[in-house]
Structure formats: structure tokens, C-alpha cells
Amino acid sequence: MLRLTIILLFFVSFHFIQAQDSVRYLQEFTVTAFKSNRPVSEVAGSISLLTTKTLTRFSGNSLLPAVNTIAGIRMEERSPGSYRFSIRGSLLRSPFGVRNIKFYRDGLPFTDGGGNTYLNLLDFDAISSMEIIKGPGASLYGAGTGGVVLMSSPIENQEVTRLSISGGSYGLLRMNASTKVQLSNRSIVAIRGAYQQADGYREHTKMKRFNAGIDWQYQLGDNGKITTSYLMGNLYYQTPGGLTKAQFEEDPKQARPATPVFASAAEQQAAVTNQTHLISTAYEAELHQRLLVKAGIIASLTDFENPTIRNYEKRIEKNIGLRTELQYKHELFNLKNKLSIGGELQYFNSPLQVYTNVAGKATTLQEDDLLTSSNGLFFLQSELDLPGNFFLTTGASLNMLRYEFSRKFPSPPIDQIRNFSPSLFPRIGLVKKFLDGYSLHGSISQGFSPPSLAEVRPSTGTYNNTLNAEIGLNTEIGIRGQLFKKVSFDLVVYNFRLNDAIVIQNNIDGAEYFVNAGRTSQKGIEFSFAYEDIYLWKNIVADYFLSYTGQYYFFKNYIQDGNDYSDKRITGVAPNALSTGIDINIKNQFYINTTANYYDHIPLNDANTVYAPYFWLVSTKMGYRHQGRLPIEIFLFVDNLLNEKFSLGNDLNAVGGRYYNAAAGRNFSVGVEFKPAFKFRFK
């Protein structure tokens, strides 16, 4: 019935918009992923782009609603400031945070050497665009199984000066300021700062975040540049804990109450504090028309504290990474070819202490550990233009990883080392481009994803030196195209088979640990459709989009603690999801953007005995733009318009049935943004 509904919705929508440049969703954008720098129609692979225009369809308080319009992508928020990010169902390994996805910022690794990504540190305006690679990113980005996200900072597209303030339900307040300074004809600096706070919908969900950054770019001659960035994030958010179904239905606003064993989340002051400083420098130069050189270094320091219901954890994380790449254009058998070769190294070091938590205070030392990791990859890729509008991409990466674990307390001391053997994984893709605006593409890639440090040393406090890396093979085929320069579509089907899938479990105390779950079968379909510049009447123009995700994921040969979960649906994955929306612009001044998201039933445990109910999430943004001497925009944003009662971030395989983290009911925010016309320039 659901599939029939989706098909009918698509056709009804299509006929509705037959009535006849604003926000664009699937336009022929230039892809930088896989170093192509070519139109998406010539790239083999499932790649989606989130531009600034797409991101600003919503309130600007979070990336989440914009990300969730993309087929195959799901972003969750367990409480304000606590995010999870999934590409093709990779939440299997993420009790919180972002794992098994490699994030890059301006070409350098933003994911640290321990495998974690602190995406929640970034303010909304610290990202101008996101290019998302679905499936294994073998070759240029290593061989992870969860996908790759390429983020860009705003220095290239930064408006001269921008000031904004917004506020809304549940104590929401956000302030942002940014500007660009022209130091000389060759040098520019972009400066930004943002502050956001909220009390949250539930008890014990306060959040505060301050984010500041400075990007300096200097032009070297006519063909080179050096970019240096500094980013500082200071984040605090309370963690209310999961609720049982009975507690969720009785009062979804409550935090996790006390039990005979543990105090409540509020009593223990459960929260996360993260202070991170990150600095990077990147050099890029086109030495001549055939050779492009890129090299960069990134370093970060994180002070992380996490009082929980069970204990109090403190970490000091130091991370340094290097990446270099050469691109060489040449003729191969009279065919155009671009060869990319390079490497990436990262080192991560983190002392970790665990204390007894007494009402939010760290008291007695329980454990004193030291975690380090060293990883590297070397890659080679060829892009060959074949006759007949065929484009062939072949590549491979050699991946290396070493973990070290040292326990100083309690006695006896423990020292363990885990070396993952160097592994070579390939990727091959082929595109056929047709003259009438269509292109057909197919690819095969192999993924290799070792456990992160947070998985080999989880909250149980026990180091797991036997957890194996995931290894999978992804095959996919797709078609994309444009019609009449207004209609665009993208359809892909894939089959991903994964061995030794890493799955979260919980012990009787509620602490997480991870196991390998045999094999999985992950088959899916992703469809995106957009129709732009629909002339409704006179000066009223609309843009429409629709995306559908079908994920038919099952465990294979998965037996845990004597229980056979083979042929069960993979935990935490919605079999069907739909996102659709329409943007209406009146005289290029007034606008209304409306979005509706549907999420199917989600299995919450490996046995598939408990499912989260399906729900619709509808939001709308209405605003007015004035383009005079003092450009100004005023908006009203309404989220969860239907006042649905739902959990946006579920705790999978939770002990005691505490699966549910209630999301806010109907809520509002209003904001105003100024763009003064004055410029800062120094000679």
C-alpha cells in the first residue's frame, strides 16, 4: 500500500506542476568528488549536493532538515546538539555521534584519526555546501563502507557582511555575524562567529554552542593559493536519556527517571562538554596546464567531558593529519586521461580517565587508559575519456591501521596492540552520456571499515582486541538526466553485501559494546526528482522536489548469545522514506517553502520485536526579502506542523526497552538577517 501511495504521489505531483532561477536541487552541478571537476552527468557514482540555497530553505538552526531531503541520507537528533548522520543506513554503529562516514573540510580530513566526527561543533553557517558520496568511497578517500561527505567553508562565497538573529520555542536563541576583509589584491580573510542556545523540549536538554572561525587565503602568482583556517567550537548539551514506551506515552518531555540501580539523568547531570580547536593549512597550485599539486596539514585538540548516569568520562584528544595529491592530465592511446595519486596519514592520541559520577562531579578514579591510533592510505585513480561519450574511472587505495591500548589503572597494567594488515581495495565506474541530456552510470567498489577507537574501547570500559573490520562489496547502476532545462531526475539501485558488520549491543547496566554480526544484505533504491521555474501566475514562480528512499536491509548468518537473527531487518533502518517540498516565490520578495518527510516503521532491536511507528514531519518557512541599500530578510519557521509525537533519534538495542528520545512537538522560530553593503578593504 505504501509503495502504491508513493507512486501515486509522484504522478499526481508531476501532473500538478505541469502548470508550467531560484533554489536548485539536482541541476547539472560540477562534481569535485573523486577529483573529477566535471559535470555530474559524466561521473560514475551516487553523489548529491547540498548548496547554500538548499540549506537556507529552513530556519538555519540545524543542518538536519536540509540533509534529510536527500535520498539515502538520514540525520537524527537525540536531543539538541546530539546528532547522528547516516548514509544508506549506517546508523548500525552509531549510538551517538558520527561514525563510519569520512568527513572532509576544504579537502582535508575533518574526521579524526580515532574514527569520530564532531559535526555538532560546527555552526550552520560554517558550511557553505556539502557533497555527499553514497556507498564505499574506495580509492581517493580510503575504503570506508559508510560513505564520504565533502564540506566547503564559506570563504569563496562569503557575503561581504552578514548579521542575523533568531529565536523561538523552548528558549531558542541564535546570533550570527560574518564578514570578509580584502587585505590586498591577493589576500582575503573571512571571519565568522555564532552563538546558539536552547532549553529543549524535554527535561534536561539545555544546549549552548559558541563557534568561531577565521579563513585566510593568499593568491600565489596566477595559478596557486594557500589557505589557512582556524576553527574553535565550544559545545555543551545535556543528555536526557532514553525512555520506555510507557514513559514515552505518559510524558514524552521527561528525562530518564531513576531506577533501583541508577539515579536519574537530571540527578547525575548527564551532559557532554566539548571544546575543540582546529587549525589547517592547504596549498594548491597548477604548475602548468597538465599538473596540479595539492598538499595540506590539519591538527586539532579536543577537551571532552561526559558525565553519564553510570560514570564520568574525561578525554584529551590530540589529532594530526596530512594529505597530498598530484593530478596529471595527459594523452593515453590518444585518449584524454587524468591521473590522481597521493596519500593521507593521521595520528590520534587520547588519555582517557573514567571516574565515579556523583551528581555531576567526578570523584573516585575507576580507569586510566591511553588510546592511540595511526592510519594511512595511498591512492591511485585514472579518469579516461573514451570514444562515444563513455567515461571510465578506475582506482584503488591501500589502507593501513594500527591501534594501541594502554591501561595504567587499575592494576595490573595492560598493553595491547592491534595491527590491521595493509589492504588494497578497488573501485571502477563507467558512464555513458547521451546527447539528449541523459547519462547511464554503473560502478563496483569494495569497502573496508575498521572499528573506531570508541568501538574497540566502548563505554563498558573493556578493550576489545578481536573486533574485526567490516568488508563489503557494492554494485550499483543508475540513470540521471535533465529535460527542457527545468526537470531533472536521478535514479539508482544498488546491492551492498557486507561481511563482519559491526553492531551495537548493551550489557545489563546499559553500557554499549560492539560485536561482528556475520553478513548483511543491503539492497536499495534512491530516486530524486526536481522541477524548477514553474510559472503559476504572473510573478509567482515555484520549484518542486521529491526524493524517495527504499532500503531493504537484512541480517544474514547473525547469531548472538544463542539467538539467531538471520533474515531479520537490520536495526535502525526505515524500509521506506519520502521527502517532498515546494518553494513559492512572489515577485522575488515574498516566499513560502513547505517540506514533508515520511519515515516508515523502524526496527529498534535485532530481534525485530519492537518497531518505532511511522510518522510524517511537515515544516514551512515564510519570509520577506528586501533588496534595497540595506538588504534585509525576515522569516517565520514552523516545524512539526502536524504536531506529531515521535522519536527522531532512537537508542538501538536499548536495555529495559529505553528506545525513545522524544522530539519536539509543533514549534516556531522567527529571525531577521541584515546584509550591510559596506566593505572592509585594506591597501
Side-chain angles (χ1 to χ4, degrees), residues 52 55-56 58-67 75 77-83 97 105 110 117-128 151 153-155 157-181 189-202 204-215 229-239 269 271-279 300-306 621 623 632-637 639 664 667-676 680:
T52 300
L55 292 168
T56 54
F58 303 91
S59 66
N61 300 319
S62 170
L63 291 168
L64 186 147
V67 169
M75 192 171 176
E77 186 177 50
R78 297 165 70 235
S79 61
S82 178
Y83 299 126
R105 184 173 180 267
F110 187 74
T117 303
Y118 294 127
L119 187 63
N120 52 1
L121 280 173
L122 294 176
D123 180 73
F124 177 84
D125 286 326
I127 301 172
S128 63
M151 303 183 295
S153 62
I155 187 169
N157 303 314
Q158 169 72 49
E159 286 100 355
V160 176
T161 300
R162 185 167 174 261
L163 305 168
S164 66
I165 183 170
S166 61
S169 303
Y170 312 117
L172 174 67
L173 173 65
R174 180 174 179 270
M175 297 179 288
N176 174 275
S178 59
T179 191
K180 183 164 66 176
V181 181
V189 171
I191 305 169
R192 64 185 176 278
Y195 174 79
Q196 184 170 333
Q197 69 176 39
D199 295 330
Y201 170 73
R202 295 176 62 190
H204 198 68
T205 52
K206 288 184 178 180
M207 184 272 279
K208 292 182 180 180
R209 178 177 60 211
F210 176 71
N211 179 277
I214 181 169
D215 301 305
S229 298
Y230 168 72
L231 175 69
M232 185 276 288
N234 190 333
L235 173 67
Y236 168 81
Y237 62 90
Q238 296 174 328
T239 54
Q269 294 297 301
V272 169
T273 301
N274 186 328
Q275 298 181 10
T276 293
H277 300 267
L278 183 148
I279 188 168
S300 64
L301 176 66
T302 296
D303 185 350
F304 187 96
E305 294 192 16
N306 181 204
K621 180 181 180 182
I632 185 174
E633 179 177 347
I634 302 171
F635 73 85
L636 167 66
F637 181 73
D639 197 17
N667 60 94
F668 307 84
S669 61
V670 295
V672 59
E673 179 179 271
F674 300 93
K675 296 179 182 178
F680 293 102

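Throughout, numbering of the chain's residues begins at 1 and tracks the sequence.
Look at Asp123 and Arg192 and you find no salt bridge, because none of the NZ, NE, NH1 or NH2 atoms lies under 4.0 Å from a carboxylate O.
Proximity of a side-chain donor or acceptor of Asn211 to a complementary backbone N or O of Leu121 within less than 3.5 Å is detected. In this structure, the side chain of Thr52 engages the main chain of Ser128 through a donor-acceptor pair within 3.5 Å. At distances below 3.5 Å, not a single donor-acceptor pair connects side-chain atoms of Lys208 with backbone N or O atoms of Tyr236. Side chain of Asp199 to backbone of Thr205: no donor-acceptor contact under 3.5 angstrom is found. Under a 3.5 Å cut-off, the side chain of Asn120 and the backbone N or O of Gly81 do form a donor-acceptor pair.
In terms of heavy-atom proximity, Ala664 sits nearest to Tyr201 at CA-CG, 3.4 Å. The shortest non-hydrogen separation linking Leu119 to Met151 is CD1-SD, 4.0 Å. Considering all non-hydrogen atoms of both residues, Ser59 and Phe635 come closest at O-CZ, 3.7 Å. Between Leu55 and Ala66, the closest heavy-atom pair is CD2-CB, 3.8 Å. Closest approach of Arg209 and Leu235 over heavy atoms only: CB-CD1, 3.8 Å. Between Gly200 and Pro80, the shortest heavy-atom contact is CA-CG, 4.1 Å.
Within the 4.5 Å cutoff, side-chain heavy atoms of Arg105 are placed close to those of Ser153. Proximity of Leu231 to Leu122: side-chain heavy atoms (C-beta onward) are separated by under 4.5 Å at one or more points. In this structure, the side chains of Glu673 and Thr56 stay at 4.5 Å or more apart for every pair of heavy atoms. For the pair Met232/Phe210, a side-chain contact is recorded, criterion being any heavy-atom separation below 4.5 Å from C-beta on. At least one side-chain heavy atom of Arg174 sits under 4.5 Å from a side-chain heavy atom of Phe124. Residues Leu163 and Met175 have side chains not in contact (no heavy-atom distance under 4.5 Å, counting atoms from C-beta outward). Annotation: side chain of Asn61 is in contact with side chain of Ser669 (closest heavy-atom distance under 4.5 Å). At a threshold of 4.5 Å between non-hydrogen side-chain atoms, the residues Phe110 and Leu278 count as touching.
In this structure, Ser82 OG and Tyr237 OH are separated by 4.0 Å, a value rounded to the nearest 0.5 Å. Here the straight-line distance linking atom CE of Met207 with atom CD of Gln197 works out to 9.0 Å at 0.5 Å rounding. One finds the CD1 atom of Ile191 at 7.0 Å from the OG1 atom of Thr179 (value rounded to the nearest 0.5 Å). Within the model, atoms NZ of Lys675 and OG of Ser178 stand 9.5 Å from one another, a figure rounded to the nearest 0.5 Å. In this structure, Phe637 CZ and Ser166 OG are separated by 11.0 Å, a value rounded to the nearest 0.5 Å. Leu63 CG to Phe58 CZ: the interatomic distance, rounded to the nearest 0.5 Å, is 11.0 Å.
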Show the numbers, then the answer: is there a side chain to side chain contact (heavy atoms under 4.5 Å, CB included) between Gln196 and Leu172? CA-CA 7 Å; Gln196 184 170 333; Leu172 174 67; 4.1 Å; yes

Derivation and outcome, side chain to side chain contact (heavy atoms under 4.5 Å, CB included), residues Ile632 and Val672: CA-CA 7 Å; Ile632 185 174; Val672 59; 3.7 Å; yes

Using side chain to side chain contact (heavy atoms under 4.5 Å, CB included), reason through Val670 and Phe668 one step at a time and then give a plain yes or no. CA-CA 7 Å; Val670 295; Phe668 307 84; 5.9 Å; no

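Ring planes of Tyr230 and His277: parallel class, angle under 30° (limits at 30 and 60°). Between Tyr118 and Phe304, the two ring planes are parallel [angle under 30°; tilted spans 30° to 60°].
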